[in-house]
Amino acid sequence: MSANKTTTTTAPAAPAEPSLSPLREPRYTPAEIEPRWQQRWADQPDLYGAEPASSGKPKYYVLEMLPYPSGQLHMGHVRNYAIGDALARYMWMTGHNVLHPMGWDAFGLPAENAALKNNRPPREWTLQNIAAMKRQMSRIGFSYDWRNEITTCFPEYYRWNQMFFIRMFERGLAYRKKSKVNWCPECCTVLANEQVIDGRCWRHEDTIVEQRDLEQWFLRITNYAEELLGDLSKLEGWPEKVRTMQRNWIGRSEGAEVTFDVEDAAGAPEDEDPSRQAGTAVLPAHETVKPSDKKITVFTTRIDTIFGATSVQLAPEHPLVKEFAAADAKLGAEVAALLDQQKNAREAGDIGAIEKHGVFTGHYAINPFNGERLPVWVANYILLDYGTGAIMSVPAHDERDHEFAKKYGLEIRIVILPHRTADQEQNGADEPLIPYTAEDSLLINSGDFNSLGNLEAQKKMAAFAEENGFGKATVTYRLKDWGISRQRYWGTPIPMLYCEKDGIIPVPDGDLPVLLPENVEITQTGGSPLGHLPEFVNATCPKCGGPARRETDTMDTFVDSSWYFYRYTSARDNSAPFDTAAVAYWFPIDQYIGGVEHAILHLIYSRFWTKVMRDLGLVQNDEPIERLFTQGMVIKDGAKMSKSRGNVVSPDEMIARYGADAARAYALFAAPPDRDLDWQEDGVAGVSRFLGRVFRFVTKYADRAQSANTVPSAPASTTSQALLRKLHQTIRKITQDFAGRWHFNTSIAAIMELVNTVTAAEPAISKGEVPDAVLAVILRDLVLLLAPFAPYLAFELWEQIGQKDNLLRAPWPKYDEALAREDEIEIPVQINGKLRTVIRVAAGADEETLRDTALAAEKIQAATDGKTVAKLIIVPGKLVNIVVK
RNA sequence: GCCCGGAUGGCGAAAUCGGCAGACGCAGCGGACUUAAAAUCCGCAGGCCCGCAAGGGCUGUGGGGGUUCAAGUCCCCCUCCGGGCACCA
């Protein structure tokens, strides 16, 4: 396409205007400019291509989170990608070898739901959406290297999910177990713990997640809990907020396990004491006690308070409870009620607010530290899946235990006290408030451990337990293994076979991928859709050759996104998930950009996956992402954009009205990228007006700039100097914004200031007071500065000012401190901290000059007249403050 | 309950290291151009008060206290909004 100026700068035929002024300025018409450049860019498939490592340039991998192909970009995407695009373009212009890829998180439920609704195959629906969104992205002009595009629903991609899964299975990192799982009735499938938010589904905020018992595949992320936690401290380029969220999620808790023998009920002495029946009292050590073979292991973070334990509490689902209940129908019924309460509270997402209930089992456990016999209870607030599902209850030193003991009249025994001064000791300090839970305390009533500090006691008591074989120091995590089975169709088939003879067998590598069958009737009748396909289910055991059954569940789609960014480095490689040399070159990702909503989903799975791949010898890096940036949400009318609120702004509409440059530049201008952005259409119009001013100014003087030498000889007029000064200040400002806080809102504001300054000087410019060479530099640098934020306009103007080189790789302008420096500055002069006047001095003026000038100022004379100057604060370059009395 | 953010004109925001609060933009008002409008350009603009005006005074960054010559910025207390975690033993 030629750069025919007549066609590019003349307004398209407007409604009949009979007397067109010959002086009429060209109009800024993004609707005409943008599609033209879009076409030109599309004709250069290598334009945004990464170069080989041999390029010698420093590499820069900038990545935005890949979207789910819903069919429509929303403003959140536009903002996310505008940030990444600006950065990528800046990196190209500063001489980096940039990898800036894009792809599609293409498996997932919406495709299946759409299939049900419209009777269209998920694949077709998905691919059509991808095409639509790709069109939108291209229309906005994002600089993606589509040659490395990935689509996770293609077998070329998901076969590697299957390979990774088998490698994990071989190493015991993937395993199958029956367990309590989160079931979303809306999705008709299981969810991982990370996908349950306040007891609700992460995709259906009104749908309460149920608990079901199912056989499921799990990935042993807990094996990496310690490393995932420890390496967080290395991620200095991550927001502290995200690191904290991950830390909380992993939930490491140091403590000890202690095993209590359970008293053999038959061997226990008969006892008429009513407290024995009620289970409210601790019984003294009993010589004739015969420990049964039953044991209870509790987890506690406060083993130092174990002498204060007055009962043992079990989760309703604790195996021992089942045994007890089997022999005691009444207990069984009571436990069932407790379990119900717990289940309901869990499903409602407020286990924290459950009213505590419990029941005495009639059994006693023996405290191994002192031989005391503690009543064993079952309580509805004890969770089987945390710690050991059993606790020792210390009512004097734990809020929850205290509440429970009060309710049921259990003993409360104080075993730690605050440190006291001698004085307090003598005068009898107040008893501590019960429950007293302080970490810094002294032990009492604790046998041999008396008068130890509690932290020391924790160590000694754990060691004592270990020496005597009834416990040990241990660490518990809140993080649970990642359940990845999904009872849905549109996902990666789990590549496993079940043979009656040989059990669970992985599909041999040579048989991968296990293809997801097409033309499957999607049903929501329950069970995995693949299970209804005999031709899929029936297979041959690779070991014995006998009949085998295929796994019919598919993988969680978070598996797809856990490693996708590795494949971007060599997306067409069909012999491996990625080229390890390419990964070694490009990783870690220099900058990842996305929403904070993935702080503990995608971002923790990805870290886990990298560590597994490292242990498989596939990658060398411990962490995938060097720097993470979480952008704020896009808000309209005070709320997140959503269909239900009816406050959605469509990118297409914005582009049609104002152009892509204006829409994306507004997304960067309206707020700093890490903050929420309030979408105001008038603001887009404002940015569009600004771009129009740039367009008119540059095109107006393009000819003069083109004919000039590029290097201005001598600094000419003061106007020229002033303009060049502003230019270099602007270059400095924007360069610093890219290097630092990414406050592109101020970068764009700085360009606006520059344009305001330059257009204000138009009378001088048109009179020829500014040499063409200076003008040329200003126009050129202005266009360069604009390029990361409004690429269409920048490319258009770049050509108009006669530049032939590719703007994408044009060198970013360098600022010259000498040119940026002001030679005269204004210094505020205060009296007693209040601004009284402003003086003009030379930029480097010393204290003496400042003092003399300030004191000589008319207003200061008047204000200090007859008063004593008590103190003079002079900060060169900043201000003068005169303290008078 | 615990842990992070945040609160600045009518609105989005700026002030990066304790030094002129409100850059830049939106909306608004006044003007120029136009038969008119749109577009564009110029000017005004935190609030209150005095003044015909030029100009001047006071006040002002969620609230209260403090440190300092000087506080949006640092310290203490509090309110509200957003997010995360939460009988996790």
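Naming: A, B, ... by sequence-line order, numbering from 1 per chain.
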K.L.:
Suppose you measure atom P in B/rA15 against the same atom in B/rG22; what distance do you get, rounded to whole Å?
P.N.:
13 Å
K.L.:
Would you indicate, yes or no, if B/rG56 has its OP1 or OP2 atom less than 4.0 angstrom from a side-chain nitrogen or oxygen of A/Lys859?
P.N.:
yes
K.L.:
CZ of A/Phe690 to OH of A/Tyr28: how many Å apart, nearest 0.5 Å?
P.N.:
10.0 Å
K.L.:
Between the base of B/rU16 and the side chain of A/Lys733, is there any donor-acceptor pair under 3.5 Å?
P.N.:
yes
K.L.:
Would you please name every residue forming a side-chain hydrogen bond (donor to acceptor under 3.5 Å, both in side chains) with A/Glu847, sequence neighbours left out?
P.N.:
none
K.L.:
Which nucleotide wins on minimum distance to the side chain of A/Arg696, given the candidates B/rA89, B/rC41, B/rA15?
P.N.:
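Closest nucleotide to the A/Arg696 side chain: B/rC41.
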K.L.:
How close or far is atom P of B/rA14 from atom CD1 of A/Ile751, stated in whole angstroms?
P.N.:
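Atom-to-atom, A/Ile751 to B/rA14, this comes out as 16 Å.
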K.L.:
If the glycosidic angle sits within 90 degrees of zero it is syn, else anti. Tell me which applies to B/rG65.
P.N.:
anti
K.L.:
Checking base pairs now: Watson-Crick or wobble, both atom distances under 3.5 Å. What partners B/rG1?
P.N.:
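Matched B/rG1 with B/rC85 under the 3.5 Å cut-off.
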K.L.:
Do NZ/NE/NH1/NH2 and the carboxylate oxygens of A/Arg657 and A/Glu681 come within less than 4.0 Å?
P.N.:
yes
K.L.:
Tell me whether A/Lys407 at atom NZ has more than 12 heavy atoms from other residues, nucleotides or ligands lying less than 6.0 Å away.
P.N.:
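More than 12 heavy atoms, drawn from other residues, nucleotides or ligands, come within 6.0 Å of this atom.
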K.L.:
For A/Arg252, give me all partners under salt bridge (Lys or Arg N to Asp or Glu O under 4.0 Å), at least two apart in sequence or on another chain.
P.N.:
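A/Arg252 satisfies salt bridge (Lys or Arg N to Asp or Glu O under 4.0 Å) with A/Glu226, A/Glu254 only.
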K.L.:
So, OP1 or OP2 of B/rG5: does either fall under 4.0 Å of a side-chain N or O from A/Lys241?
P.N.:
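Answer is no, no contact under 4.0 Å.
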K.L.:
Measure from the side-chain heavy atoms of A/Leu383 and tell me the nearest of B/rU59, B/rG84, B/rA89.
P.N.:
B/rA89
K.L.:
Whole angstrom is fine here: how far is it from CD in A/Glu681 over to C1' in B/rG12?
P.N.:
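Rounded to whole Å, this separation is 15 Å.
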K.L.:
Specify the separation, in whole Å, of atom CZ of A/Arg27 and atom P of B/rA38.
P.N.:
14 Å
K.L.:
Roughly how many Å is it from NZ in A/Lys636 to C1' in B/rC11, rounded to a whole number?
P.N.:
14 Å
K.L.:
Can you tell me how far P in B/rG63 sits from the matching atom in B/rA53, rounded to whole Å?
P.N.:
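About 32 Å, rounded to a whole number of Å.
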K.L.:
Any strand counts, and the cut-off is 3.5 Å on both contacts for Watson-Crick or G-U wobble. Which nucleotide pairs with B/rG18?
P.N.:
none
K.L.:
What integer number of Å spans the P atoms of B/rG46 and B/rA21?
P.N.:
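To the nearest whole Å, 13 Å.
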K.L.:
Only pairs with both distances under 3.5 Å count, Watson-Crick or wobble alike; so what is the partner of B/rG12 in this structure?
P.N.:
B/rC24
K.L.:
Please give the distance between the P atoms of B/rC74 and B/rG18 as a whole number of Å.
P.N.:
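Comparing P positions in B/rC74 and B/rG18 gives a spacing of 7 Å.
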K.L.:
Any strand counts, and the cut-off is 3.5 Å on both contacts for Watson-Crick or G-U wobble. Which nucleotide pairs with B/rC58?
P.N.:
B/rG47
K.L.:
How far does the P atom of B/rA38 sit from the matching atom of B/rU34, given to the nearest Å?
P.N.:
15 Å
K.L.:
With sequence neighbours left out, what residues match A/Glu824 under salt bridge (Lys or Arg N to Asp or Glu O under 4.0 Å)?
P.N.:
A/Arg840
K.L.:
Please report, rounded to the nearest Å, how far the P atom of B/rG56 is from the CD1 atom of A/Ile831.
P.N.:
14 Å
K.L.:
Decide, for B/rC80, between syn and anti: a glycosidic angle within 90° of 0 counts as syn, anything else as anti.
P.N.:
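For B/rC80, whose glycosidic angle is more than 90° from 0, the conformation is anti.
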K.L.:
Between B/rC88 and A/Arg302, is there an OP1 or OP2 to side-chain N/O distance shorter than 4.0 Å?
P.N.:
no
K.L.:
Output every pair passing salt bridge (charged side-chain N to carboxylate O under 4.0 Å, His left out) with a member in residues 871-884 of chain A, not counting sequence neighbours, ordered by first then second residue.
P.N.:
none
K.L.:
OP1 or OP2 of B/rC88 versus the side-chain N and O atoms of A/Arg252: is any pair under 4.0 Å?
P.N.:
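A/Arg252 to B/rC88 OP1/OP2: no side-chain N or O under 4.0 Å.
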K.L.:
Atom NE2 of A/His743 to atom P of B/rA15: distance rounded to whole Å?
P.N.:
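In whole Å, B/rA15 P and A/His743 NE2 are 7 Å from each other.
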K.L.:
Across nucleotides 17-26 of chain B, 5' to 3', mark each nucleotide with B, S or - according to how protein heavy atoms within less than 4.0 Å reach it.
P.N.:
--BB--BBSS
K.L.:
For A/Pro672 and A/Asn248, find the nucleotide of RNA chain B closest to each by heavy atoms; which residue's nucleotide sits nearer the 5' end?
P.N.:
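Closer to the 5' end of RNA chain B: A/Pro672.
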K.L.:
When the nearest nucleotide of RNA chain B is assigned to A/Glu240 and to A/Asp401 on a heavy-atom basis, which residue is associated with the more 5' position?
P.N.:
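Its nearest nucleotide being more 5', the pick is A/Glu240.
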K.L.:
Applying a 3.5 Å limit to both distances, which nucleotide forms a Watson-Crick or G-U wobble pair with B/rU79?
P.N.:
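Check on B/rU79: paired to B/rA7, both distances under 3.5 Å.
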K.L.:
Checking base pairs now: Watson-Crick or wobble, both atom distances under 3.5 Å. What partners B/rA36?
P.N.:
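None - no nucleotide pairs with B/rA36, as no candidate has both distances under 3.5 Å.
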K.L.:
Considering only the P atoms, how many Å lie between B/rG5 and B/rU59, rounded to the nearest integer?
P.N.:
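Comparing P positions in B/rG5 and B/rU59 gives a spacing of 33 Å.
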K.L.:
Return the set of residues passing salt bridge (Lys or Arg N to Asp or Glu O under 4.0 Å) with A/Glu257 (not counting sequence neighbours), or none when no residue passes.
P.N.:
none
K.L.:
Quick one: which of B/rU16, B/rA89, B/rC3 gets closest to the side chain of A/Arg741?
P.N.:
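So the nucleotide nearest the side chain must be B/rU16.
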K.L.:
Using the ring of each side chain (for Trp, its six-membered ring), is A/Tyr381 parallel, tilted or perpendicular to A/Phe404, with breaks at 30° and 60°?
P.N.:
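The arrangement is tilted - the two ring planes meet at 30° to 60°.
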K.L.:
Check the distance between B/rC11's C1' and A/Asp678's CG and give it to me in whole angstrom.
P.N.:
8 Å
K.L.:
Measure the distance from OH on A/Tyr28 to C1' on B/rU40 and round it to the nearest whole Å.
P.N.:
16 Å
K.L.:
Examine distances only and state if a side-chain atom of A/Asp676 and a backbone atom of A/Met633 form a donor-acceptor pair shorter than 3.5 Å.
P.N.:
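Yes; judged by distance alone, with no hydrogens or angles, the pair exists.
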K.L.:
Using the P atoms only, state how far B/rC3 lies from B/rA89, rounded to an integer number of Å.
P.N.:
16 Å
K.L.:
Please report the distance separating the C1' of B/rC20 from the corresponding atom of B/rA71, rounded so that it comes out in whole Å.
P.N.:
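The answer is 14 Å between these two C1' atoms.
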K.L.:
Which nucleotide in the set B/rA7, B/rC69, B/rA89 lies at the smallest distance from any side-chain heavy atom of A/Ile391?
P.N.:
B/rA89
